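For reference, the structure is listed below as structure tokens.
As the structure is a computational prediction, the values presented were derived from the model and not from experiment. Positions are given from 1, in the same order as the sequence printed here. Both ligands and their constituent atoms are indexed starting at 1 by order of listing.
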Amino acid sequence: MVTGSTGQLGNAVVARARAEGWEITGLSRREPDPCDLTDATAVRDRVSAARPDLVVHAAAWTDVDGCEVDPGRARAANVDATRHVAEASAAVGAHLVYVSTDYVYDGTKDGPYVESDEPAPLSVYGRSKLAGERLLGPEATVVRTSWLCGRHGANAARTILRLGAGTGPLRFVDDQVGRPTIAEDLAALLLRLGTDRVAGIVHGSNEGAVTWYQFAREVLELAGHDPDRVEPIRTSDLRPARAAPRPANSVLAPTVLDALGYDRLPHHRESLPGLVADLLAQAG
Ligand SMILES: NC(=O)c1ccc[n+]([C@@H]2O[C@H](COP(=O)([O-])OP(=O)(O)OC[C@H]3O[C@@H](n4cnc5c(N)ncnc54)[C@H](OP(=O)(O)O)[C@@H]3O)[C@@H](O)[C@H]2O)c1
């Protein structure tokens, strides 16, 4: 079972699981079978009817600035919904993979974060995702990922391509560093971790740390645009200023994957050309 199956990552997990031969039930708010995860009874009914072996909980309210101004909605979507999914999964003996975020860290560390580093989220979104982690049992898999870009929904790569196709200025911050992660790469890892029932926190990001400015240059170049059109700015220069603070450094080191003997996810530059080609094709 995949929650948030209509979202960016959920779509990729469903597609990957189908390709691997899994029988899949997607939970989403869309017709014909809408399920709002904030409704505990609805979640319990759907999970007990499907009796999944594995639940990948990819649903969340991911509007980081929206969460900052509406903490009640953030709590309902990211904490209460996670409790409902966890309780319903436990009731049928399903293993739970919870997708969490680099925004649980405050970004002040000098160097990449490892899974044992103390989280200290700066934003309501980060705090709500951490609260979701902390209500899970020790057997759940918690995968912290970062800077997701996939073939469905809104993401930075799509925004960069849209701006690149226009003639306006392109300004991207050069003082936030992280690991762009391709949703389709992460989807395969989530299924493997879930199948192996790996317990605890795992960092799951593609290799390769960049700033948003550097990432925008890479995407533009792949699309055949002039990367020199991108102007580096500081976060403090963003107008209007964002409601939610972001960590300056959210580079995630995959130390648990290494210890488990799993392959690391590939460098994002290996997967980015295919993603950019598909996004350009979608845009026509
Ligand atoms: N995007 C990133 O850069 C990033 C980075 C690190 C971690 N993550 C985590 O990765 C996961 C996937 O993110 P994403 O980029 O795929 O997000 P997304 O595209 O915004 O998808 C989120 C999905 O959750 C669903 N959802 C939200 N509230 C719901 C509710 N109350 N009931 C049912 N469904 C609900 C949404 O459905 P509707 O379409 O109906 O709203 C949507 O399908 C999330 O857990 C997120 O916290 C994301």
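Checking side-chain atoms of D175 against main-chain N and O of R234 turns up no donor-acceptor pair under 3.5 Å. Remark: the backbone N or O of G178 is not paired with any side-chain donor or acceptor of S250 at under 3.5 angstrom. S146 places a side-chain N or O within 3.5 Å of a backbone atom of R179 that can act as its donor or acceptor partner. For the pair D65 (side chain) and A244 (backbone), a donor-acceptor distance under 3.5 Å is present.
Ranking protein heavy atoms by distance to atom 32 (N) of ligand 1, first place goes to L37 N, 3.0 Å. Nearest protein neighbour of atom 48 (C) of ligand 1, counting heavy atoms only, is L148 CD1, 3.7 Å. Annotation: atom 21 (O) of ligand 1 to nearest protein heavy atom, G7 CA, 3.4 Å. Scanning the protein heavy atoms around atom 16 (O) of ligand 1, the nearest turns out to be L9 N, 2.7 Å. Annotation: atom 6 (C) of ligand 1 to nearest protein heavy atom, T145 O, 3.3 Å. Remark: minimum distance from atom 17 (O) of ligand 1 to any protein heavy atom is reached at T62 CG2, 3.3 Å. Remark: minimum distance from atom 39 (O) of ligand 1 to any protein heavy atom is reached at T6 OG1, 4.0 Å. In terms of protein heavy atoms, atom 25 (C) of ligand 1 is closest to A59 CB, 3.9 Å.
Taking every heavy atom of D36 and a limit of under 4.0 angstrom, the matching atoms of ligand 1 come to 30 (C), 31 (N), 32 (N). Close approach of ligand 1 to T38 (heavy-atom distance below 4.0 Å) involves ligand atoms 31 (N). Within ligand 1, the atoms closer than 4.0 Å to a non-hydrogen atom of G4 are 23 (C), 24 (O), 43 (O), numbered from 1 in the order shown.
Atom CZ of R192 has more than 12 heavy atoms from other residues, nucleotides or ligands within 6.0 Å. Atom CG of D53 has 12 or fewer heavy atoms from other residues, nucleotides or ligands within 6.0 Å. Environment of CZ in R171: sparse, with no more than 12 heavy atoms of neighbouring residues, nucleotides or ligands closer than 6.0 Å. Remark: R75 CZ is loosely packed, at most 12 non-hydrogen atoms of other residues, nucleotides or ligands lying under 6.0 Å away.
Donor-acceptor pairing under 3.5 Å is recorded for the side chains of S271 and D185.
Of the candidates V99, V104, V85, V143, V99 brings a heavy atom nearest to atom 9 (C) of ligand 1. Comparing heavy-atom distances from atom 46 (C) of ligand 1 across Y125, W61, W147, Y103 singles out Y125 as nearest. Across the listed options R29, R73, Q8, R29 owns the non-hydrogen atom lying nearest to atom 29 (C) of ligand 1.
Note that R73 lies in the cation-pi zone of W61, set by a 6.0 Å cut-off to the ring centre and a 45° limit from the axis. For the pair R246 and Y103, the NZ or CZ position fails the cation-pi test of under 6.0 Å to the six-membered ring centre and within 45 degrees of the ring normal.
Considering backbone and side-chain atoms together, A60 places an N or O closer than 3.5 Å to an N or O of ligand 1. Taking distance alone, with nitrogen or oxygen atoms compared against 3.5 Å, K129 approaches ligand 1 more closely than that limit. Of the N or O atoms in A77, none lie within a sub-3.5 Å distance of an N or O in ligand 1.
Y98 does not count as a contact of ligand 1, since none of its heavy atoms falls under 4.0 Å from the ligand. Residue contact annotation: A58 has a non-hydrogen atom under 4.0 Å from ligand 1. The closest approach between S100 and ligand 1 falls below 4.0 Å for a heavy atom of the residue. Ligand 1 is approached by C35 to a heavy-atom distance shorter than 4.0 Å.
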CA sep, side-chain torsions, deciding dist, call: R217, E221, salt bridge (charged side-chain N to carboxylate O under 4.0 Å, His left out): CA-CA 6 Å; R217 290 183 58 95; E221 197 153 16; 5.7 Å; no
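Connection of V2 to V97 is established within a shared hydrophobic cluster, with ILVMFWY side chains joined at heavy-atom distances below 4.5 Å, either directly or through further cluster members.
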